[in-house]
Novice: 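First the structure, then my questions, so here it is.
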Amino acid sequence: MSLPYVVCFLVLLVFACGSGCSRSAYRQKADHDAYDLVSLQEQRLDLPPEERGVDPGEESRLSDPEDPDDPPMPEDDPVSRAILRGNRGSDARPVEPPQRWKDFLPGDGKGTVVLNLHDAVEVAARNSRDFQGAREELYLSALDLSEQRYRFAPHLSLGTTASGTARGEEAGLPRKGAALGSAGGLAWMGAWGTELLARVVNTIIWDFDKPKLRTATSLIDFAIVQPLMRFGGRARVLEPLTQSERHLLANVRRMEQYQQGFYLDVVAGRDPAPGPARSVNAQSTAPALLAGSPSGIGGVPRASGYLGLLEEQQRIRNLESNVAGLRSSLAQLEAAFEAGRASSLLQVLQARSALQNAQSSLLTARAGYESRVDGFKTSIGLPPTLPLVVRDSFLTRFSIFDPATTELQTRINTIAGRLHDRENVSAESLRAALGELRGLRADFAGRFSAARRDLVIFSEALPARERQMESLRRRPEAQALESGRFDPKTLKAKAVESDQALATLQRSVDGTFGEIEAIEKELPALEFEAARSRASVAATALSGEMLELSLEHASAKIEAIALPPADLEQVRAIEIAKTNRLDWMNARAELVD
């Protein structure tokens with residue numbers, strides 16, 4: 001073989017090897033192997049396939065828009081950067097944080113993020129550093145198995161060496177020459193520890209003092225090595241591979257259970273189960289409980305997370321309703337005291353003190369809610385400075401006091417307060433207040449319709465509620481209480497009483513609006529103070545009727561709530577858990593390991 005052909009062959013060999021040994025090729029091959037191994041374990045566990053990818057997309061705050069094969073350096077120390085620039089002749093490129101992730105957040109179009117339950121979990125999965133860390137641990141665990149499998153794959157090696165000599169005269173003869181060597185080898189290890197080694201070496205030597213003198217040699221080397229291991233060769237050789245595969249299977253289970261726990265963490269603030277871990281000593285544990293007692297009885301904390309925010313919203317609504325009711329009661333007591341129908345000023349002062357305490361509790365609850373929202377934003381990977389609104393209808397059916405009723409109650413109390421202030425009421429303001437009160441008739445009709453709808457739902461739920469009450473009455477702990485407390489017959493009577501109460505309240509409200517219309521018609525002929533007093537009494541009566549309507553409505557909503565029956569025996573529950581609990585599967589495998 002002539003020298004030009006040898007050079008061309010070597011150049012082509014270098015290009016062929018270089019194209020398959022680039023950083024990008026290795027990275028893509030590692031990703032492909034890791035994802036395939038994880039998918040294989042998921043098929044073994046009959047888990048639904050999921051989109052895999054350890055690199056966050058552009059919709060995540062954790063995404064990296066830079067080239068993964070040529071990433072920029074982070075910000076360096078100025079003095080150290082001068083040394084680096086002097087040695088490399090170039091400066092490090094700055095790291096640019098991702099900017100587009102905000103475009104993928106659900107919002108109102110004005111810069112405020114609006115999250116329902118589903119969106120909260122989606123945003124947390126994209127932006128949580130803990131969730132990203134669990135995905136990376138699973139990926140690295142798959143790479144560990146890929147490395148163990150690589151030990152049993154055929155390994156091809158290629159190499160080329162070249163050397164030249166140019167020496168002075170020795171023994172009266174000038175010596176100039178060159179040598180070119182190439183070598184290729186194949187190594188493979190079997191499951192029993194058998195090692196197969198094959199190597200081919202070619203060497204070409206030229207003596208330039210004698211152009212026609214050229215020496216070429218070739219060597220083929222072949223060897224088989226079989227270690228003698230008594231009674232355990234295959235088990236010993238495959239032990240690291242077996243352990244890595246079992247560990248990846250356990251990590252896939254841990255990842256699946258971690259996702260369940262992560263969902264509970266976002267939804268209810270429960271600590272998730274440990275995620276995947278590369279350590280073979282990792283222990284599998286079950287996710288935390290979802291529901292707890294509202295008062296924290298039994299050591300189970302109240303719900304936090306997303307449901308905790310919804311619960312806090314409902315608590316604030318209840319406090320707002322309480323404030324509206326106390327303001328209405330105070331207005332009635334003040335009107336009665338002023339008219340001489342109540343002689344005790346102490347009752348008025350006590351009602352005023354209760355109202356102020358309720359207002360203080362409401363302000364404290366609102367401030368605490370804002371703090372919890374900031375903490376929730378941090379837990380799902382969003383910056384605390386980002387405006388966020390939590391809005392979901394998940395707990396609407398458990399909302400006892402209707403926000404629309406509370407708002408209407410507040411409007412009536414505001415008008416009644418203006419009418420009660422005799423020093424600042426004029427004829428024009430009195431006429432305007434009467435018009436505002438008359439305009440509330442349609443709102444009252446809407447509240448009565450809502451109350452009747454919930455009363456119909458209560459009536460339709462009576463059979464299920466009666467069965468539930470009867471089942472509860474047969475329980476031993478219920479029998480120790482009062483005998484009539486869980487009587488199913490009381491439910492139907494309560495439905496009838498609620499219907500009659502709404503009808504009576506409707507007639508009372510119609511009479512109050514009739515009085516307001518009569519005052520408007522007689523206003524030119526009435527003395528101003530008498531007209532103001534009659535309007536104040538009518539507004540106070542309307543406020544009391546609104547309070548009574550809200551209580552009847554709340555009672556109907558409470559009685560309409562029926563929990564689905566759960567009939568699961570303990571033995572059957574344990575069998576289901578042993579079949580489906582991933583931490584139980586891992587615990588058995590860890591004991592064998």
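Both backbone and side-chain heavy atoms feed into the values below; hydrogens, waters and symmetry mates do not. Remember, predicted model here, so these are calculated numbers, not experimental data.
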Novice: Could you measure the distance from the OG atom of Ser543 to the CG atom of Leu437? Nearest 0.5 Å is fine.
Specialist: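 Nearest 0.5 Å value for the OG-CG distance: 10.5 Å.
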Novice: Less than 4.5 Å apart, side chain to side chain, heavy atoms only: is that true for Met255 and Arg135?
Specialist: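 Yes, close enough: below the 4.5 Å cut-off.
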Novice: Looking only at atom types and distance, does a side-chain atom of Ser360 sit under 3.5 Å from a main-chain N or O of Gln356, one as donor and one as acceptor?
Specialist: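 The answer is no, because no donor-acceptor pair under 3.5 Å joins these two groups.
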Novice: Between the side chains of Arg126 and Glu59, is the shortest nitrogen-to-carboxylate-oxygen separation below 4.0 Å, so that they form an ion pair?
Specialist: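 No, Glu59 and Arg126 are not salt-bridged.
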Novice: Is the backbone N or O of Ala125 less than 3.5 Å from a side-chain atom of Ser128, with the two atoms forming a donor-acceptor pair by type?
Specialist: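 No, because the side chain of Ser128 does not come within donor-acceptor range (under 3.5 Å) of the backbone of Ala125.
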Novice: Indicate the atoms forming the closest heavy-atom contact of Thr512 with Glu545, along with that distance.
Specialist: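 Between these two residues, the closest heavy atoms are OG1-OE2, 2.8 Å.
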Novice: For the backbone of Pro56 and the side chain of Ser60, can you confirm whether one donor and one acceptor N or O come within less than 3.5 Å of each other?
Specialist: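 No, Ser60 side chain to Pro56 backbone: no donor-acceptor pair under 3.5 Å.
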Novice: Look only at the side chain of Ser141 and the backbone of Glu137, and say whether a donor-acceptor pair between them is shorter than 3.5 Å.
Specialist: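 Between the backbone of Glu137 and the side chain of Ser141 there is no qualifying donor-acceptor contact (under 3.5 Å).
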Novice: Would you indicate whether the side-chain heavy atoms of Tyr306 and Val121 approach each other to under 4.5 Å?
Specialist: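 A side-chain contact is absent here, since even the closest heavy-atom pair is not under 4.5 Å.
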Novice: Measure the spacing between CG of Leu388 and OG1 of Thr112 and express it to the nearest 0.5 Å.
Specialist: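 Nearest 0.5 Å value for the CG-OG1 distance: 8.5 Å.
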Novice: Please state whether the rings of Phe513 and Phe444 are parallel, tilted or perpendicular, taking 30° and 60° as the class boundaries.
Specialist: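 It falls in the perpendicular class, over 60°.
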Novice: Does the salt bridge (charged side-chain N to carboxylate O under 4.0 Å, His left out) test come out yes or no for Arg431 and Glu520, once each step is laid out?
Specialist: CA-CA 7 Å; Arg431 185 179 300 276; Glu520 277 190 304; over 6 Å; no
Novice: Please tell me if the side chains of Arg327 and Val323 come closer than 4.5 Å, counting only heavy atoms from C-beta onward.
Specialist: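 SC-SC contact between Arg327 and Val323 confirmed.
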Novice: Going from CG on Leu591 to CG on Asn586, what distance comes out if it is rounded to the nearest 0.5 angstrom?
Specialist: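 Separation between the atoms: 12.5 Å.
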Novice: Report yes if the side chains of Leu386 and Leu105 come closer than 4.5 Å at any heavy-atom pair, otherwise no.
Specialist: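 Yes, their side chains come closer than 4.5 Å.
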Novice: Of all the heavy-atom pairs spanning Asn127 and Arg61, show the shortest one and how long it is.
Specialist: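 Scanning both residues, the minimum pair turns out to be OD1-N, 2.8 Å.
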Novice: Quick one: pull up CG in Leu502 and CG in Leu549 and give me the separation to the nearest 0.5 Å.
Specialist: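 Leu502 atom CG to Leu549 atom CG measures 7.0 Å (nearest 0.5 Å).
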Novice: Under a 4.0 Å N-O cut-off, is there an ion pair linking Glu436 with Arg411?
Specialist: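 No.
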Novice: Look at the side chain of His553 and the backbone N and O of Glu548, then say whether any donor-acceptor pair between them is shorter than 3.5 Å.
Specialist: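 No; judged by distance alone, with no hydrogens or angles, the pair does not exist.
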Novice: So which atom in Arg572 and which in Leu568 form the shortest heavy-atom distance, rounded to 0.1 Å?
Specialist: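 What the structure gives for the nearest pair is CG-CD1, 3.7 Å.
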Novice: Looking only at heavy atoms, which two atoms of Ala535 and Leu419 are closest? And how far apart?
Specialist: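 That closest heavy-atom pairing would be O-CD1, 3.6 Å.
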Novice: Quick one: CD on Gln132 to CG on Leu62, what's the gap to the nearest 0.5 Å?
Specialist: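 It is 6.0 Å, given to the nearest 0.5 Å.
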Novice: Checking side-chain contact (heavy atoms from CB on, under 4.5 Å) for the pair Met546/Arg447: CA distance, chi angles, key distance, verdict?
Specialist: CA-CA 9 Å; Met546 186 72 255; Arg447 296 300 89 214; 4.1 Å; yes
Novice: Does atom CZ (Arg418) have a neighbourhood of more than 12 heavy atoms from anything else shown, all under 6.0 Å?
Specialist: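 Buried by this count: over 12 neighbours within 6.0 Å.
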Novice: Could you walk me through whether Asp130 and Tyr258 satisfy the side-chain contact (heavy atoms from CB on, under 4.5 Å) test, starting with their C-alpha distance in whole Å, then the side-chain angles of each, then the deciding distance to 0.1 Å, before giving a yes or no?
Specialist: CA-CA 10 Å; Asp130 293 336; Tyr258 175 80; 3.5 Å; yes
Novice: Using modelled atom types only, decide if a donor and an acceptor are shared between the side chain of Ser550 and the backbone of Leu547 within a distance under 3.5 Å.
Specialist: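 Such a contact is found between Ser550 side chain and Leu547 backbone.
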Novice: Is the shortest side-chain heavy-atom distance between Leu455 and Ser498 below 4.5 Å?
Specialist: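 Sidechains of Ser498 and Leu455: in contact.
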Novice: Show your working on side-chain contact (heavy atoms from CB on, under 4.5 Å) between Lys557 and Phe458 and close with a plain yes or no.
Specialist: CA-CA 7 Å; Lys557 294 188 73 171; Phe458 172 33; over 6 Å; no
Novice: Does the distance from a Lys or Arg side-chain N to an Asp or Glu carboxylate O, for Arg441 and Asp510, drop under 4.0 Å?
Specialist: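 Yes, charged N to carboxylate O under 4.0 Å.
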Novice: For the backbone of Gln409 and the side chain of Asn413, can you confirm whether one donor and one acceptor N or O come within less than 3.5 Å of each other?
Specialist: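 Yes: the side chain of Asn413 pairs with the backbone of Gln409.
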Novice: Can you check whether Val266 reaches Val123 side chain to side chain, under 4.5 Å on heavy atoms?
Specialist: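 Not in contact.
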Novice: With a 4.0 Å cut-off on N to O distance, would you call Arg438 and Glu517 a salt bridge?
Specialist: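 Between Glu517 and Arg438 there is no salt bridge, as every charged N stays at least 4.0 Å from the carboxylate O atoms.
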Novice: May I ask you to decide whether Glu590 forms a salt bridge with Arg254, counting only side-chain N to carboxylate O separations under 4.0 Å?
Specialist: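 Yes, Glu590 and Arg254 are salt-bridged.
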Novice: Looking at Leu551, is its backbone amide N or carbonyl O close enough to the side chain of Ser555 to form a donor-acceptor pair, meaning the two atoms are under 3.5 Å apart?
Specialist: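 Pair absent, no side-chain N/O of Ser555 close to backbone of Leu551.
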Novice: Looking only at non-hydrogen atoms, find the nearest pair between Pro383 and Trp101 and report the distance.
Specialist: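 Scanning both residues, the minimum pair turns out to be CD-CH2, 3.7 Å.
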Novice: For a 4.5 angstrom cut-off between non-hydrogen side-chain atoms, does Ile380 reach Leu115?
Specialist: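 Result yes, sub-4.5 Å side-chain heavy-atom pair found.
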Novice: Closer than 4.0 angstrom, basic N to acidic O: yes or no for Glu320 and Arg366?
Specialist: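 Salt bridge: yes.
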Novice: Side-chain contact, heavy-atom cut-off 4.5 Å: Leu382 with Thr378?
Specialist: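 Side-chain contact under 4.5 Å: no.
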Novice: Between Asn322 and Ala358, what is the shortest heavy-atom contact and its length?
Specialist: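 Heavy atoms of Asn322 and Ala358 come nearest at ND2-CB, 3.7 Å.
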Novice: Could Arg581 and Asp583 be called an ion pair, given the rule that one side-chain N must be under 4.0 Å from one carboxylate O?
Specialist: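 Salt bridge: yes.
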Novice: Dump the intermediate steps for side-chain contact (heavy atoms from CB on, under 4.5 Å) on Arg253 and Glu256, then the final yes or no.
Specialist: CA-CA 5 Å; Arg253 289 193 183 115; Glu256 181 69 20; 5.7 Å; no
Novice: Is there a donor-acceptor contact under 3.5 Å from the side chain of Gln506 to the main chain of Ala445?
Specialist: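 Not at all, since once roles are kept as given, no pair shorter than 3.5 Å links the two residues.
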Novice: Using only atom types and a distance under 3.5 Å, with no angle test, would you say the side chain of Arg315 pairs donor to acceptor with the backbone of Ala365?
Specialist: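 Absent.
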Novice: Heavy-atom count check: over 12 atoms from other residues, nucleotides or ligands less than 6.0 Å from Tyr369 OH?
Specialist: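 Atom OH in Tyr369 is crowded, with more than 12 foreign heavy atoms closer than 6.0 Å.
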Novice: Could you give the distance from NZ (Lys377) to CZ (Arg372), rounded to the nearest 0.5 Å?
Specialist: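 One gets 14.5 Å once the value is rounded to the nearest 0.5 Å.
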